[in-house]
2 protein chains.
Amino acid sequence: MAERKRQLVAAEITEAALQLCAVKGFDTTTVDEIVVAAGISRRTFFRYFSSKEDVAIQLLASLGTDMRDELRARPAGEPPATALRHAVGMAIDHCVDEPLKSLRVVQLILRTPVLHARMLERQAQWREGLTAELAVRLGRDPVTDLFPEMAAGMALAAFDAAMRHWSVSDGAADPQELTDRAFAVIGPALDQAG
Amino acid sequence: MAERKRQLVAAEITEAALQLCAVKGFDTTTVDEIVVAAGISRRTFFRYFSSKEDVAIQLLASLGTDMRDELRARPAGEPPATALRHAVGMAIDHCVDEPLKSLRVVQLILRTPVLHARMLERQAQWREGLTAELAVRLGRDPVTDLFPEMAAGMALAAFDAAMRHWSVSDGAADPQELTDRAFAVIGPALDQAG
DNA sequence: GTCGCTGATGGCACTGAGTGTCAATAGAGG
DNA sequence: CCTCTATTGACACTCAGTGCCATCAGCGAC
């Protein structure tokens with residue numbers, strides 16, 4: 001029950017922060033302003049989020065593990081392109097399930113350089129996870145063989161491209177359809193024998 | 001001649017900063033320490049570099065334009081895979097020309113999360129440049145057609161993979177050969193008709 | 001009920017990054 | 001030698017982030 005309250009407070013902070021950032025931008029929004037809007041103390045804010053950027057980035061926290069878990073759960077014999085498409089699909093589902101919240105966050109991140117940078121750094125960790133999982137699936141050594149790493153990188157490049165186009169379309173485009181088109185491009189490279 | 005002096009001071013600051021960061025890490029190295037080592041004032045430091053991170057990132061400044069210029073200079077009929085390989089080759093050349101300096105910077109960036117994030121953000125700008133150039137070369141609309149964007153993303157994924165493996169090999173591996181192997185993976189996707 | 005323990009919170013002071021302002025200074029040109 | 005200009009240094013300030021400690025609420029033991 002203490003955990004429930006913690007998530008409630010975190011959600012309140014997040015909501016206040018996103019609201020303020022949407023109005024006056026991330027950089028010009030101070031932690032003090034967020035803190036006042038959320039009705040907590042400055043010190044408490046940093047107990048919930050390790051930095052101001054974390055408020056936005058934290059919302060993507062589960063995507064990495066979701067993708068990796070889905071990739072692991074795919075049938076062993078499935079070709080890399082199909083397995084990776086389903087893995088990325090897990091992340092895209094979050095955008096489809098809650099379009100309003102997701103779009104707001106994605107747009108904020110994409111037009112705030114420092115947030116964009118943090119997100120890309122996160123993605124690099126996702127890539128490491130996907131690389132390791134792919135290496136196991138394919139029985140390849142990720143140190144000497146560049147294929148798992150490149151395949152994971154291409155899948156995330158497709159994810160990025162879909163997110164960017166979804167963002168600039170203001171949510172009008174279908175994220176899964178954009179992802180399909182991006183995967184159509186990388187497909188020929190994903191299913192090679194190596 | 002004022003410009004010459006400016007570059008000289010910048011080089012001195014950079015050298016002092018990299019030396020300190022190599023010893024005690026980027027995060028624990030303060031601007032004050034860099035400033036003392038370089039023999040300048042704190043205020044002057046921020047006139048040369050807009051942030052502490054910029055000292056390291058600035059060293060990659062020309063890579064983006066170099067790649068785009070090289071891509072533009074490639075023969076019009078050349079297939080995307082070949083043209084992009086030469087463009088990325090321009091950036092890799094910097095590592096081959098000055099292996100000691102480059103390796104030190106690359107390793108520092110790759111093992112410092114905040115620097116890694118900034119570098120990836122830079123790369124996103126390079127990608128935009130390559131995307132625009134590719135769109136022109138191929139006569140495709142980068143808004144409705146995902147191919148230019150994905151091709152640029154794949155090329156940079158290859159660049160990244162080569163850099164990472166070069167870094168972990170402590171410079172023992174050949175950067176151009178690593179890039180060749182990475183491009184061999186994405187090749188089948190780069191030369192599709194779309 | 002009260003004592004004592006634990007965990008969450010708030011307040012305070014501190015370091016470090018980054019910025020604006022102004023005075024001092026050095027160098028080019030008359 | 002004087003003047004105009006650009007670079008620098010010094011100071012003060014805002015804001016992010018952290019360590020420390022006092023406070024307070026809940027909760028089990030007695």
Note: with side-chain heavy atoms under 4.5 Å as the link, the other cluster members for A:Val35 come out as A:Val9, A:Ile13, A:Leu20, A:Val31, A:Ile34, A:Ile40, A:Phe45, A:Phe46, A:Tyr48, A:Phe49, A:Val55
Listed pairs, N/O of protein and of nucleotides 25-28 of chain C, under 3.5 Å:
none

By side chain to side chain contact (heavy atoms under 4.5 Å, CB included), A:Ser169 pairs with (sequence neighbours left out) A:Trp166, A:Ala172, A:Ala173
Applying side chain to side chain contact (heavy atoms under 4.5 Å, CB included) to B:Arg181 and not counting sequence neighbours gives A:Leu146, B:Glu177, B:Leu178
Hits for salt bridge (Lys or Arg N to Asp or Glu O under 4.0 Å) against A:Glu121, two or more places apart or cross-chain, chain-then-number order -> none
Excluding A:Val168, membership of its hydrophobic cluster (Ile, Leu, Val, Met, Phe, Trp, Tyr; side-chain heavy atoms within less than 4.5 Å) reads none
Residue pairs meeting salt bridge (charged side-chain N to carboxylate O under 4.0 Å, His left out), one or both in residues 76-87 of chain A, sequence neighbours left out, come to A:Arg74-A:Glu78, A:Arg85-A:Asp180
Here the salt bridge (charged side-chain N to carboxylate O under 4.0 Å, His left out) pairs for residues 6-19 of chain B, sequence neighbours left out, are B:Glu15-B:Arg104
Besides B:Leu100, the hydrophobic cluster formed by Ile, Leu, Val, Met, Phe, Trp and Tyr side chains linked at under 4.5 Å, directly or via other members, contains none
Each nucleotide of nucleotides 5-11 of chain D classed B (base within 4.0 Å of a protein heavy atom), S (only sugar-phosphate) or -, in 5' to 3' order, makes ---BBB-
The correct set of residues in residues 11-29 of chain A placing a heavy atom under 4.0 Å from DNA chain D is A:Thr29
Cluster membership besides A:Val143, Ile/Leu/Val/Met/Phe/Trp/Tyr side chains within less than 4.5 angstrom, sorted by chain and number, is none
